[in-house]
Undergrad: 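Got a structure for you, questions after.
Reminder, nothing fancy here: chain letters follow the sequence lines and each chain counts from 1.
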Amino acid sequence: MSDSAKPVDALTEAEAADELALLAVEIAEHDRRYYAEDAPIVSDAEYDALRQRNAAIEARFPELIRENSPSKSVGTAPTGTFGPVVHARPMLSLDNVFSDEEVTDFVGSVRRFLSLPADRELVFTAEPKIDGLSMSLRYEKGRLVTAATRGDGTTGENVTANIRTIKEIPQTLSGNVPDVVEVRGEIYMRRDDFLELVKRMAGSGQTFANPRNSAAGSLRQKNPEVTRSRPLKFFAYAWGEVSEPLAATQYDSVQRFKDWGFPVNELMVRCHSLDEMIAQYRKIEAQRATLPYDIDGVVYKVDRLDLQERLGFRSRSPRWATAHKFPAEKATTVLKAIDIQVGRTGAMTPVARLEPVTVGGVVVVNATLHNEDYIRGIGNSGQPIRDGRDIRVGDTVIVQRAGDVIPQILDIIPEKRPADSTPYVFPDRCPVCDSHAVREEGEAVRRCTGGLICPAQAMERIRHFVSRNALDIEGLGEKQIEFFFNQPDPSLRIRSPADIFTLAERQRNSLTKLENIDGFGAVSVRKLYAAIDARRRVAFWRFLHALGIRHIGETNSKRLARHFHSFDALRRTAELAEPPDGRGDAGNPEWQELVGVGGIGAIVAEAVVDFFDEEHNRQAVDDLLAAGVTPLDEEVAAAISSPVAGKTVVFTGSLERMSRDEAKAMAERLGAKVAGSVSRKTDLVVAGPGAGSKLKQATDLGIEVIDEDQWFVRVGQG
DNA sequence: GTGCCTCGAGTTCT
DNA sequence: CTCGAGGCAC
């Protein structure tokens with residue numbers, strides 16, 4: 001491998017061709033070691049970097065893409081450890097409630113939505129909420145084909161090999177089973193099995209905090225034999241895609257899972273009234289300690305599936321179900337100090353430093369204190385907290401993990417307050433840059449006014465710029481950003497987003513080489529440059545999001561990108577737009593266009609206009625463009641990164657979800673070539689019902705054949 | 001004007 | 001995950 005990796009932009013065509021040839025051989029060799037010998041000699045991260053480098057060079061020199069290019073075997077490569085699986089139906093989470101009143105509200109809102117009067121019966125199921133990991137098991141013609149974790153709800157991880165080692169999960173289903181069925185449920189570990197595992201693994205150096213974490217860790221093993229040795233169990237309680245309805249009700253659907261051989265929870269019951277639901281909750285709560293597995297609440301679901309369908313979904317959860325959670329575990333500890341963190345917008349957030357304490361199996365040392373008012377004990381959003389008691393350094397405090405994740409301070413114990421304690425005074429100056437910190441009328445946060453003068457804000461801005469939903473540059477974590485930010489040598493310094501993209505260029509002419517500095521080797525430097533180069537061409541919405549304009553996060557960036565198509569168009573409109581003057585006019589046409597974008601109102605639009613009004617913002621954007629960053633229209637960006645880019649696709653048979661023209665346009669938009677007939681050059685055949693000779697030819701040539709639904713899944717629109 | 005619902009920006013720990 | 005706040009339908 002070449003040690004002196006040049007930035008991709010600096011490669012000549014001949015050098016690029018040479019490197020592509022080398023990379024093809026190198027990656028093929030790693031693939032062979034990984035798959036055939038199960039003995040890789042590079043880490044996954046190093047392997048990924050090679051593939052990224054290959055992709056970056058190919059993006060710049062598409063005419064050099066080799067017949068044996070590694071990018072043509074994307075489907076088989078390990079991405080991270082487990083491959084991605086796009087769920088045929090998203091795996092949503094459940095809304096949470098904590099009190100009887102909220103359960104009443106939930107039932108009321110279901111009735112209201114269905115226009116169901118109070119005297120008409122409405123049946124719910126109630127079952128314990130298992131504290132484990134949700135899992136989607138896809139069976140086709142009765143055979144287990146894929147097991148996937150929830151992931152972000154849309155895309156999960158493929159853990160099929162590990163799931164196959166779990167005895168409780170059937171490999172094949174017998175009896176009356178739909179052609180396609182995705183059985184969903186919870187993987188968990190029993191408490192007694194967990195304790196035995198802890199005993200068995202004592203001295204192995206591995207730690208097991210609780211059954212849930214152990215189940216998660218056991219599932220993410222690279223070697224399925226390790227998973228096999230772990231006592232994992234399963235309960236089925238839901239489903240994703242099904243080729244035919246399972247039953248008329250939730251309850252009966254789960255009974256079918258039982259018939260097929262899945263374990264189902266025996267504590268699930270039907271409730272015919274609100275009172276019965278709450279009674280069932282109390283009953284399960286009372287049994288909690290004696291159950292062999294951990295649970296964290298009770299789940300209620302509307303029983304009739306036709307009603308579930310009418311109720312439908314909100315963005316992240318169904319309207320027909322909710323989880324009634326048990327109160328979170330609490331602990332007391334001492335507040336040692338209150339520190340102030342400064343975010344990228346200047347927001348000053350107080351953080352509690354605590355005497356270490358175990359809450360819910362995890363040691364907590366930090367907790368957010370939200371804002372000034374929270375410390376002073378002023379209730380916000382109508383939630384009276386602590387009866388007006390303030391929080392002071394030295395106080396003994398009650399800590400819980402909200403949603404069992406984020407630690408928060410609920411209250412203090414007044415009797416234990418030291419006699420000499422004084423109220424906490426929230427600073428009116430930034431602890432980092434000493435600028436004034438002001439609180440806007442009606443806002444809860446106090447902000448540092450230092451802007452980019454403030455190192456904390458400048459660094460946080462870069463951190464946001466490279467973060468996963470923005471430019472997504474790997475290898476620039478908090479530590480690295482701080483390092484580059486504080487470099488005295490100009491050839492090593494990163495103080496603005498544009499500096500990231502000029503780093504390699506500045507380094508080339510410098511004697512202070514990054515690779516000679518402790519912590520950076522030649523390999524990691526090469527990987528960093530490759531990661532940066534790979535993002536010079538970036539989707540417009542990511543670029544927009546990365547700029548950090550107020551109110552412009554991921555969703556609003558996508559909305560604006562979809563409307564304007566190019567960054568130039570948005571910028572031109574924003575620079576010309578004039579908001580209404582407040583005396584009856586409605587703003588000029590450019591303003592009208594901005595607020596006409598769905599989901600963008602006056603306040604968000606004004607934030608965009610204000611951003612481009614600022615000279616230093618325009619300069620920062622120009623610097624980025626000058627440094628070679630190119631925001632791409634959505635469709636062009638999709639074509640570069642799509643899984644079918646550069647492939648030759650043939651559609652055959654009758655298509656049901658789209659016309660042939662539509663299919664062709666879609667494939668081309670995603671960077672694929674569409675051919676009329678199958679030949680050795682064909683990479684993929686999409687076959688509908690009635691496919692004939694082309695299908696046979698494809699099978700003869702060993703070309704991959706998928707159906708229309710799989711095509712949609714493949715291109716991420718499943 | 002009110003009351004959803006969604007979004008952005010903040011947060012922890014493994 | 002939680003909070004505050006913006007957008008929009010009523």
Undergrad: Just to confirm, is there a sub-4.0 Å distance from OP1 or OP2 of B:dA9 to any side-chain nitrogen or oxygen of A:Arg344?
TA: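 Result: yes.
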Undergrad: Between C:dG6, B:dT11, B:dC4, which one does the side chain of A:His551 approach most closely?
TA: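 Comparing C:dG6, B:dT11, B:dC4 against the side chain of A:His551, the answer is C:dG6.
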Undergrad: Write down the distance between CD1 (A:Ile409) and P (C:dC3), rounded to a whole number of angstrom.
TA: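 Value for this atom pair: 14 Å.
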Undergrad: Using heavy-atom distances to pick each residue's nearest nucleotide on DNA chain B, tell me which of A:Ile552 and A:Ala367 is more 5'.
TA: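 Residue closer to the 5' terminus by nearest nucleotide: A:Ile552.
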Undergrad: Which one, B:dC5, B:dG10, B:dT12, comes nearest to the side chain of A:Arg319?
TA: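 From the listed options, B:dC5 comes nearest.
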Undergrad: Rounded to whole Å, please give me the gap between CG in A:Leu219 and P in B:dT14.
TA: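 After rounding, the gap between these two atoms is 20 Å.
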Undergrad: Do the side-chain N or O atoms of A:Thr368 get closer than 4.0 angstrom to the phosphate oxygens (OP1, OP2) of C:dT2?
TA: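 A:Thr368 to C:dT2 OP1/OP2: no side-chain N or O under 4.0 Å.
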Undergrad: Take the protein atom CD of A:Gln400 and the nucleotide atom C1' of C:dC1, then report the distance between them rounded to whole Å.
TA: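 That distance rounds to 11 Å.
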Undergrad: Judged by each residue's nearest nucleotide on DNA chain B, which is more toward the 5′ side, A:Glu460 or A:Gly553?
TA: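 Its nucleotide being nearer the 5' end, the pick is A:Gly553.
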Undergrad: Rounded to the nearest 0.5 Å, what separation is found between the CZ atom of A:Arg200 and the CZ atom of A:Arg230?
TA: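 Atom-to-atom, A:Arg200:CZ and A:Arg230:CZ are 7.0 Å apart.
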Undergrad: Applying a 4.0 Å non-hydrogen cut-off, can you work out what A:Ala216 is touching in the nucleic acid: base, sugar-phosphate, or nothing?
TA: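 No contact.
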Undergrad: Quickly work out the A:Arg353 CZ to B:dT11 P distance and round it to whole Å.
TA: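 After rounding, the gap between these two atoms is 10 Å.
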Undergrad: Would you indicate what A:Val445 reaches in the nucleic acid, counting non-hydrogen atoms under 4.0 angstrom: base, sugar-phosphate, or nothing?
TA: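 It contacts nothing in the nucleic acid.
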Undergrad: For A:Asn366 and B:dC13, is the shortest distance between a side-chain N/O and OP1 or OP2 below 4.0 Å?
TA: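 True: A:Asn366 side-chain N/O within range (under 4.0 Å) of B:dC13 OP1/OP2.
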Undergrad: Check whether A:Arg150 reaches the backbone of A:Met91 with its side chain - one donor and one acceptor, N or O, closer than 3.5 Å.
TA: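 Indeed, once roles are kept as given, a pair shorter than 3.5 Å links the two residues.
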Undergrad: How many Å lie between CD1 on A:Ile603 and P on C:dA5, as a whole number?
TA: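 After rounding, the reported distance stands at 11 Å.
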Undergrad: Among B:dT11, B:dA9, C:dG7, find the nucleotide with the atom closest to the side chain of A:Gln341.
TA: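 Per side-chain heavy atoms of A:Gln341, the pick is B:dT11.
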Undergrad: Can you tell me how far the OH atom of A:Tyr424 sits from the CG atom of A:Leu369, to the nearest 0.5 Å?
TA: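 These two atoms lie 8.5 Å from each other.
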Undergrad: Which nucleotide in the set B:dC7, B:dC13, B:dG10 lies at the smallest distance from any side-chain heavy atom of A:Thr349?
TA: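 Side chain of A:Thr349 sits closest to B:dG10.
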Undergrad: Tell me what A:Arg447 touches on the nucleic acid: a base, only sugar-phosphate, or nothing, going by heavy atoms under 4.0 Å.
TA: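 If one applies the 4.0 Å heavy-atom cut-off, A:Arg447 turns out to touch nothing in the nucleic acid.
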Undergrad: Can the ring centroids of A:Phe106 and A:Phe124 be said to lie less than 6.0 angstrom from one another?
TA: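 Distance test on ring centres: under 6.0 Å, yes.
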Undergrad: Have a look at A:Asn556 and say if it touches a base, only the backbone sugar-phosphate, or nothing, with a 4.0 Å heavy-atom cut-off.
TA: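 If one applies the 4.0 Å heavy-atom cut-off, A:Asn556 turns out to touch the sugar-phosphate alone, with no base involved.
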Undergrad: To the nearest angstrom, how far is A:Glu102 atom CD from C:dT2 atom P?
TA: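 After rounding, the reported distance stands at 11 Å.
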Undergrad: First locate atom CG of A:Leu122, then atom CZ of A:Arg111, and finally report the distance between them rounded to the nearest 0.5 Å.
TA: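 It comes to 5.0 Å.
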Undergrad: Starting at atom CG of A:Asn96, determine the distance to atom P of C:dT2, rounded to an integer number of angstrom.
TA: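 Answer to the nearest Å: 7 Å.
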Undergrad: Is the distance from OP1 or OP2 of B:dT6 to the nearest side-chain N or O of A:Thr555 less than 4.0 Å?
TA: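 A:Thr555 to B:dT6 OP1/OP2: no side-chain N or O under 4.0 Å.
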Undergrad: Please classify the nucleic acid contact of A:Gly217 as base, sugar-phosphate, or nothing, using heavy-atom distances under 4.0 Å.
TA: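 Here A:Gly217 touches no strand at all.
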Undergrad: For the side chain of A:Arg559, counting heavy atoms from C-beta on, which of B:dG10, B:dT12, B:dT6 is nearest?
TA: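 Comparing B:dG10, B:dT12, B:dT6 against the side chain of A:Arg559, the answer is B:dT6.
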Undergrad: Side chain of A:Val604, heavy atoms from C-beta onward: which of B:dC13, C:dG7, B:dC4 has the nearest atom to it?
TA: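 Closest nucleotide among those given: C:dG7.
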Undergrad: Counting the benzene-type ring for Trp, do A:Phe564 and A:Phe540 have ring centres under 6.0 Å apart?
TA: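 That pair fails the under 6.0 Å test.
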Undergrad: Tell me the interatomic distance from A:Phe113, atom CZ, to B:dG3, atom P, rounded to whole angstroms.
TA: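 My rounded result for the distance is 19 Å.
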Undergrad: Is the phosphate of B:dA9, meaning OP1 or OP2, less than 4.0 Å from a side-chain N or O of A:Arg550?
TA: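 False: A:Arg550 side-chain N/O out of range (4.0 Å or more) of B:dA9 OP1/OP2.
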